[in-house]
Amino acid sequence: MANKDKLSTKHTEDKKENPFLVPDGYFENFSARLQDKLSEHKPSEERSHDVRLKPYIYSTISIAAIFMLVLVFFRITDNNRGDTGLTNSEIAVVLEADVYDLEESYLIDNYAAYRETEELIHSNEADPRYKDEIIQYLLDEDVEMESIVNEL
Amino acid sequence: MVQKKGEYSDSELIRFFHEPEKSDYAFNLIVKRYQERLYWHIRKLLIDHDDTDDVLQDTFIKVWNGLKNFREDASLYTWLYRIATNEALSFLRKKKKRFLFPLIDVEHQLENKLEGDGYFNGDTIQKMLQKAILSLPERQRLVFNMRYFDEMKYDTMAEILKVSVGSLKASYHHAMKKVEKYLLNE
């Protein structure tokens, strides 16, 4: 080896001898131990067809299991939906935003009830006693007379 | 490559291996011829005897499986060294993956092994030299061991590691400077 390839620290000179040891008889027995390991290895090659199939079976089962989990998840989520077709969380969002985006079918179903309520209010409005009651209520609530006149 | 007088050449052993009735015999002769050289090559990288034993066995199992397709584009010696090197490096990488925290690095663990290893017979300076080598990056450590201890030619190293001679020379030069610096600071 060229001089430039040698370490220049003087205390490492002649320190190239191997400082590692092996157990007694290691190299003498290595070949026999390797043959044992190889013989374990060889039968596995013969049944390699089964071994090769297994990963495919496992991955198919895994995919099926994931698919089932997704289905179950959506079923559970659907069960949370009420008559409006909205989930609890969707209803919470709607209420929070103060937006009532009611479906047309819902409005049609409830139109009769709406009409009854409207008629009741208008019939009450026609009654002068109802008007007096309102005026009295607004006065009790310290609403100014001018505002009460404007409202009525 | 390490054929003695009256022994079969590597090419003859490979030819025997391809004959079904002689393949076990030929393989056994190949193992006996190269086991020690490959063992020490792996041992210098892994430090621990048991780890080296496992990797050497895995290396020869790969050789057994691959020898039927070996077409002597490279010499048997080069091919065996390449397999042993790859097995040792992938063993180290697997070991590194096992440690989630960078504080517990594999090199530090190997250094500790050196301290308490019953199969290390070196004196203080040899221990220091081994620690200095362990402080090198993986590739430089490999090149340093092959060049410094095995005194392997750059051409052969280039064939085994599949890198250019120039880059090997540069790696070895950097490694030497780092080892010297480490030893001077100790």
Side-chain angles (χ1 to χ4, degrees), chain A residues 1-67 69-70 73, chain B residues 24 27-32 35-36 38-40 43-44 46-50 52-54 56-65 114 117-130 132 144 147-154 169 172-173 175-177 179-184 186:
Chain A
M1 193 187 289
N3 262 345
K4 62 177 181 174
D5 282 357
K6 287 179 182 167
L7 286 169
S8 62
T9 48
K10 60 180 179 191
H11 53 288
T12 54
E13 280 172 18
D14 302 323
K15 288 298 174 192
K16 280 193 182 182
E17 69 264 33
N18 189 357
F20 296 104
L21 300 170
V22 289
D24 288 339
Y26 172 72
F27 288 119
E28 289 77 11
N29 300 327
F30 178 78
S31 188
R33 288 195 304 117
L34 180 67
Q35 285 301 331
D36 288 345
K37 200 165 180 181
L38 271 173
S39 57
E40 284 169 23
H41 196 70
K42 283 175 195 169
S44 70
E45 278 175 4
E46 281 160 21
R47 57 183 176 81
S48 60
H49 186 66
D50 299 339
V51 176
R52 267 183 225 142
L53 264 181
K54 272 182 185 169
Y56 292 109
I57 293 169
Y58 290 143
S59 52
T60 310
I61 291 169
S62 307
I63 291 165
I66 292 166
F67 184 68
L69 275 173
V70 170
F73 173 77
Chain B
D24 279 348
F27 182 71
N28 208 29
L29 289 180
I30 290 170
V31 171
K32 287 214 181 289
Q35 60 179 10
E36 281 201 47
L38 295 183
Y39 174 89
W40 293 119
R43 178 75 184 269
K44 280 185 221 111
L46 304 185
I47 305 295
D48 182 69
H49 165 72
D50 292 329
T52 307
D53 181 45
D54 286 344
L56 185 64
Q57 289 193 37
D58 291 344
T59 299
F60 277 117
I61 288 169
K62 284 230 163 125
V63 171
W64 169 267
N65 290 327
L114 210 56
D117 192 355
Y119 294 119
F120 184 81
N121 195 33
D123 56 22
T124 318
I125 295 168
Q126 281 172 319
K127 199 173 270 182
M128 251 165 61
L129 178 60
Q130 285 301 323
F144 186 87
R147 182 68 186 157
Y148 184 77
F149 290 108
D150 302 343
E151 298 189 358
M152 200 179 275
K153 287 177 181 167
Y154 281 118
K169 284 182 178 173
Y172 184 68
H173 178 75
M176 267 227 305
K177 291 291 155 207
V179 169
E180 280 173 2
K181 197 177 167 191
Y182 185 98
L183 293 172
L184 289 170
E186 281 295 305

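First the proteins, then the strands, lettered A, B, ... as listed; each starts at 1. Note: hydrogens, waters and symmetry copies are ignored here, and every other heavy atom, side chains too, is used.
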As an exercise, state the distance from CG of A/Asn18 to CH2 of B/Trp40, rounded to the nearest 0.5 Å. 4.5 Å
State, to 0.1 Å, how close B/Lys32 and A/Glu28 come at their nearest heavy-atom pair, and which atoms those are. NZ-O, 4.4 Å
Taking atom CG of A/Asp36 as the centre, does the number of heavy atoms from other residues, nucleotides or ligands within less than 6.0 Å exceed 12? yes
Starting at CD1 of B/Ile30, measure out to OG of A/Ser31 and round the result to the nearest 0.5 Å. 11.5 Å
Between atom CZ of B/Phe60 and atom CD of A/Gln35, what is the distance when rounded to the nearest 0.5 Å? 11.0 Å
Heavy atoms, side chains only, cut-off 4.5 Å: are B/Arg43 and A/Leu21 in contact? no
Among residues at least two apart in sequence or on other chains, which ones pass side chain to side chain donor-acceptor pair (under 3.5 Å) with B/Asp54? none
Contact check, side chains of A/Leu34 and B/Gln35, non-hydrogen atoms, under 4.5 Å: no
Using a cut-off of under 4.5 Å on heavy-atom pairs, state which of B/Ile47, B/Thr52, B/Ile61 scores highest against chain A. B/Ile61
Any heavy-atom pair between the side chains of B/Tyr39 and A/Phe30 that's under 4.5 Å? no
Set of salt bridge (Lys or Arg N to Asp or Glu O under 4.0 Å) partners for B/Lys153, sequence neighbours left out: none
Quick one: CZ on A/Phe20 to CG on B/Leu46, what's the gap to the nearest 0.5 Å? 10.0 Å
